[in-house]
Protein chains: 4
Amino acid sequence: MRKKEGNKEEDILKAAIEVFAQAGFYDAKISKIAELANVSIGSIYVYYQNKDDIIYKIFDKLWGSLYHNLEALVNRSDLSMVEKYDAMIDMIFDTFTENSSTAIVIAHEQQRLLLRNKESFTPYYDKFIDLGERIVREGVKKKIFNPNIDTNIFRHFLLGAFRDLINSWATSPEEFQLNSVRRNIKFLSKYGILIHNQ
Amino acid sequence: MRKKEGNKEEDILKAAIEVFAQAGFYDAKISKIAELANVSIGSIYVYYQNKDDIIYKIFDKLWGSLYHNLEALVNRSDLSMVEKYDAMIDMIFDTFTENSSTAIVIAHEQQRLLLRNKESFTPYYDKFIDLGERIVREGVKKKIFNPNIDTNIFRHFLLGAFRDLINSWATSPEEFQLNSVRRNIKFLSKYGILIHNQ
Amino acid sequence: MRKKEGNKEEDILKAAIEVFAQAGFYDAKISKIAELANVSIGSIYVYYQNKDDIIYKIFDKLWGSLYHNLEALVNRSDLSMVEKYDAMIDMIFDTFTENSSTAIVIAHEQQRLLLRNKESFTPYYDKFIDLGERIVREGVKKKIFNPNIDTNIFRHFLLGAFRDLINSWATSPEEFQLNSVRRNIKFLSKYGILIHNQ
Amino acid sequence: MRKKEGNKEEDILKAAIEVFAQAGFYDAKISKIAELANVSIGSIYVYYQNKDDIIYKIFDKLWGSLYHNLEALVNRSDLSMVEKYDAMIDMIFDTFTENSSTAIVIAHEQQRLLLRNKESFTPYYDKFIDLGERIVREGVKKKIFNPNIDTNIFRHFLLGAFRDLINSWATSPEEFQLNSVRRNIKFLSKYGILIHNQ
DNA sequence: AATGAATGAGTATTCATTCAT
DNA sequence: GATGAATGAATACTCATTCAT
């Protein structure tokens with residue numbers, strides 16, 4: 001029991017995600033995280049420098065995962081542009097949706113963290129954004145995506161929509177059919193709300 | 001001279017918006033708000049019950065304003081459906097954009113507040129949503145808007161996109177042309193990213 | 001009671017001296033100081049920045065007092081050199097002896113504080129030392145004090161002896177006759193332990 | 001190979017002296033001592049009961065050494081009284097001076113330790129004091145030392161002066177010529193600051 | 001004997017809120 | 001209404017010590 005059992009670090013992270021999602025970062029108590037992780041308070045500080053470090057690692061893990069998945073996608077040549085775009089939406093959707101508590105934490109805390117110390121946020125976020133923009137630019141070059149759309153604005157548009165929807169689902173899962181949300185995001189981001197000839 | 005007392009209440013609210021935008025709700029100090037409002041700490045508690053009440057009033061004022069403006073719009077019969085939709089976007093855009101600090105506060109704190117005590121959030125928010133959905137349903141009935149789109153999902157999609165973009169602009173105004181953001185929101189929400197016959 | 005009664009700051013300092021003397025700086029609890037001062041924990045932080053600031057003020061007050069008293073003495077021309085020296089010893093003796101708890105705090109904590117942040121120690125200490133050395137140099141010039149003695153070494157010699165003796169008295173007052181200590185310090189520092197013609 | 005185990009105990013003590021001198025007892029971290037001694041944290045508790053025990057052993061070793069050296073001196077009949085006194089000063093001086101970090105630890109921590117648990121301090125200290133007082137009384141009996149001097153006060157006077165000077169030298173060795181310090185201590189304690197016929 | 005991950009008691013400090021003036 | 005000194009509950013974090021291996 002004195003020996004690292006190989007999952008304490010992960011147990012703490014999982015517990016922290018639940019507590020952060022439930023109470024918000026500021027009202028989350030370290031003692032509560034320790035209790036939920038079935039670990040002593042001191043052990044938390046063996047694996048994480050402080051409270052901020054815990055949330056940093058949550059974001060790092062999520063955006064790291066998103067980045068690596070997108071990287072695998074961006075180089076595929078077996079997909080048409082639209083298929084690639086849909087696959088990207090699916091991938092983001094699946095990642096966010098895998099753990100609803102993580103989704104809530106992201107939706108609630110990311111903006112504040114980015115505001116506070118942009119430079120100390122996980123580098124995977126910027127790398128992910130870059131890759132996403134590359135896909136959009138590729139679509140524009142292939143004359144599939146509208147060249148009049150500002151790429152930077154589009155990614156905020158899309159991620160903002162995503163964030164709100166995933167958070168809404170995570171908060172009230174009974175109110176949203178996940179498949180419907182997925183389908184609507186894909187459709188709206190590609191065709192918009194108006195009826196027109198596709 | 002006694003009539004000017006209304007000032008204090010408003011001064012406090014303005015100061016609070018700045019401090020909340022700059023530091024985030026939790027790191028915002030009441031003493032800092034008092035200092036910025038040029039008012040004693042005690043005076044804040046004459047006009048507001050507590051810290052939560054201050055942020056409540058910020059949201060109440062903003063969503064009240066959005067609601068009243070949308071109400072004026074929803075009943076206009078001189079506008080086509082698309083014109084009405086564009087006017088709605090413009091109105092939301094202008095309201096959010098009027099004060100960038102307010103935009104930041106909304107973007108950062110609303111989700112958390114909604115999560116914590118949904119029932120004690122400003123009623124204007126739900127009323128605004130209802131009105132917005134009415135416009136969308138009207139568009140669907142008039143066969144202008146796509147009937148396959150889930151109205152509830154659409155409003156999260158749109159407001160989420162809005163929130164992220166306005167916050168991005170408010171945080172780094174040098175990075176975004178406000179008119180471009182406005183145009184892109186209108187276009188993307190109506191036509192999406194794909195090139196097609198409109 | 002909400003109004004500053006003019007002595008809270010001093011009550012805290014007095015209480016702190018007692019608690020520091022009794023338990024040592026590190027084992028002294030802020031809560032204990034608050035209790036002894038009959039003041040809330042929060043009030044301590046109204047008057048002092050932190051625990052270090054409290055002890056700083058204790059030293060500042062004591063050395064400030066010593067400095068001002070020595071300043072008054074150094075310029076007196078109505079005293080012979082030996083009388084002036086004896087008066088200096090008496091003054092230091094009286095100041096240290098006035099409050100035995102202060103004496104203990106000085107004896108126990110000064111070295112450590114000086115070591116840690118020499119520059120942030122009370123400036124009165126250096127000013128006092130300078131003045132003391134001036135008296136010694138004056139004595140040398142007047143051929144009363146031995147010119148072969150290193151002034152810097154002498155002041156460490158004298159103050160070190162003082163510190164130990166005052167601390168010993170403060171710790172076990174029953175073991176030491178204060179007048180005897182005073183007389184012996186004067187004598188030893190002037191004539192030493194050997195018998196010789198004075 | 002099993003014989004070398006004595007090293008560890010000593011390595012720890014040496015490391016502890018450095019860390020205590022540098023950081024002070026309370027800010028000294030056991031983990032730092034372990035690191036400097038090139039030993040695991042657990043090993044420290046194999047050789048020492050706890051942190052207090054480590055510092056106890058430091059004092060025990062030093063005062064033990066001083067006691068044994070003084071014992072060898074006190075019985076010598078080949079020395080005049082003044083020679084014996086000078087030899088005593090030299091011996092104390094050499095012992096303190098041998099390791100400047102030890103000198104700093106003594107100067108900073110001894111008073112506090114004595115205050116806290118007089119009875120649990122190393123017995124060598126009291127035995128050393130007794131021996132020292134015996135020398136002084138011997139000097140008085142031989143009409144070499146002044147009989148009006150209180151022996152107890154004198155030893156505090158002398159050791160206090162010693163402590164301050166050795167500490168000052170250990171802290172700022174560039175400021176003090178060790179030989180000059182030694183000579184001044186001898187002279188001042190025997191003849192004082194005044195000029196007179198010796 | 002040696003290790004170092006695990007422990008959890010212990011405390012300085014913060015700051016929203018109060019209320020005597 | 002206005003003030004701001006006073007309050008004290010509440011909590012992140014430290015680190016000496018332990019003990020299973």
Side-chain angles (χ1 to χ4, degrees), chain A residues 1-6 8-9 12 26-35 37-54, chain B residues 2 4-5 8-9 25-35 38-54, chain C residues 1-6 8-9 12 26-35 37-54, chain D residues 2 4-5 8-9 25-35 38-54:
Chain A
M1 233 164 258
R2 292 262 150 186
K3 201 75 183 192
K4 188 178 162 185
E5 280 169 14
K8 228 159 222 174
E9 187 171 359
I12 293 167
Y26 278 92
D27 285 336
K29 311 294 173 239
I30 292 287
S31 57
K32 181 77 186 166
I33 295 173
E35 186 194 327
N38 213 18
V39 143
S40 77
I41 289 174
S43 285
I44 290 185
Y45 292 89
V46 171
Y47 295 101
Y48 301 92
Q49 286 170 15
N50 49 37
K51 205 177 169 187
D52 276 314
D53 189 35
I54 302 177
Chain B
R2 294 251 160 177
K4 270 187 96 181
E5 84 256 2
K8 221 162 233 185
E9 187 172 357
F25 180 76
Y26 277 91
D27 286 337
K29 312 285 176 253
I30 293 286
S31 57
K32 181 76 184 169
I33 295 173
E35 185 194 329
N38 216 17
V39 143
S40 79
I41 288 174
S43 285
I44 289 183
Y45 289 87
V46 171
Y47 295 101
Y48 300 91
Q49 286 170 20
N50 50 37
K51 204 179 172 186
D52 277 314
D53 189 36
I54 302 177
Chain C
M1 232 163 262
R2 291 262 151 186
K3 202 75 181 192
K4 188 179 163 183
E5 281 167 14
K8 227 159 222 173
E9 188 171 356
I12 293 167
Y26 278 92
D27 285 336
K29 310 294 173 235
I30 292 288
S31 57
K32 182 76 186 168
I33 294 173
E35 187 193 326
N38 213 17
V39 142
S40 78
I41 289 174
S43 284
I44 290 183
Y45 291 89
V46 171
Y47 295 100
Y48 300 92
Q49 286 170 16
N50 49 38
K51 205 177 169 186
D52 277 315
D53 189 35
I54 302 177
Chain D
R2 293 252 160 175
K4 270 188 93 179
E5 82 256 2
K8 222 162 231 183
E9 188 171 357
F25 181 76
Y26 277 91
D27 285 338
K29 312 286 175 250
I30 292 287
S31 57
K32 181 76 185 166
I33 294 173
E35 185 194 329
N38 216 15
V39 142
S40 76
I41 288 174
S43 285
I44 290 183
Y45 289 88
V46 170
Y47 296 99
Y48 299 92
Q49 286 170 19
N50 50 36
K51 204 179 171 185
D52 277 314
D53 189 35
I54 302 176

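Just the heavy atoms: all of them, side chains too, but no hydrogens, waters or symmetry mates, feed the values below. Lettering follows sequence order; numbering is per chain, from 1.
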J.: Can you tell me the distance, in whole Å, between the CD atom of C/E9 and the C1' atom of F/dA5?
T.: 13 Å

J.: Kindly write out the residues that satisfy side chain to side chain contact (heavy atoms under 4.5 Å, CB included) with D/S31, not counting sequence neighbours, or none if the list is empty.
T.: D/K29, D/I41

J.: Starting from C1' on E/dA6, measure out to CG on A/N38 and report it in whole angstrom.
T.: 13 Å

J.: Heavy-atom count check: over 12 atoms from other residues, nucleotides or ligands less than 6.0 Å from D/N50 CG?
T.: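 For D/N50, atom CG is crowded (more than 12 foreign heavy atoms under 6.0 Å).
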
J.: Just by protein heavy atoms under 4.0 Å, how would nucleotides 8-13 of chain F read 5' to 3' in B, S and -?
T.: B--SSB

J.: Give the rounded distance in Å between these two atoms: CD1 of A/I12 and C1' of E/dA6.
T.: 11 Å

J.: To the nearest Å, give me how far apart CD1 (B/I44) and C1' (E/dC19) are.
T.: 16 Å

J.: Drop me the distance from D/S43's OG to D/N38's CG, to the nearest 0.5 angstrom.
T.: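 Result: 10.5 Å between the selected atoms.
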
J.: Does a side-chain heavy-atom distance below 4.5 Å link C/D27 with D/Y26?
T.: yes

J.: Could you tell me how far apart B/Y47 (OH) and E/dT18 (P) are, to the nearest whole angstrom?
T.: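 Distance, rounded to whole Å: 17 Å.
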
J.: Return the value, rounded to whole Å, for the distance between atom OH of B/Y48 and atom P of F/dG1.
T.: 13 Å

J.: Holding to salt bridge (charged side-chain N to carboxylate O under 4.0 Å, His left out), I want the full list of residues that pass it with D/D53, two or more places apart in sequence or in another chain.
T.: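 Testing D/D53 for salt bridge (charged side-chain N to carboxylate O under 4.0 Å, His left out), a comparison that skips the adjacent residues, returns D/K57.
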
J.: OP1, OP2 of F/dA5 versus side-chain N and O of C/K8: anything below 4.0 Å?
T.: no

J.: Check salt bridge (charged side-chain N to carboxylate O under 4.0 Å, His left out) between A/D52 and all other residues, then give those that pass, not counting sequence neighbours.
T.: none

J.: Rounding to a whole Å, what distance do you find between B/I33:CD1 and E/dT17:P?
T.: 11 Å

J.: Taking only residues two or more places apart in sequence, or in another chain, which ones meet D/Y45 in a ring pair (Phe, Tyr, Trp, His ring centres under 6.0 Å)?
T.: none

J.: How long is the straight-line distance from OH of D/Y48 back to CD1 of D/I30, given to the nearest 0.5 Å?
T.: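 With rounding to 0.5 Å, CD1 (D/I30) is 11.0 Å from OH (D/Y48).
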
J.: Rounded to the nearest 0.5 Å, what separates atom CD1 in A/I54 from atom CD1 in A/I44?
T.: 5.5 Å

J.: Got a minute to check which stems DNA chain F is part of, using Watson-Crick or G-U wobble pairs under 3.5 Å, three or more consecutive?
T.: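 Listed by first number, the stems are E:2-21 with F:2-21.
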
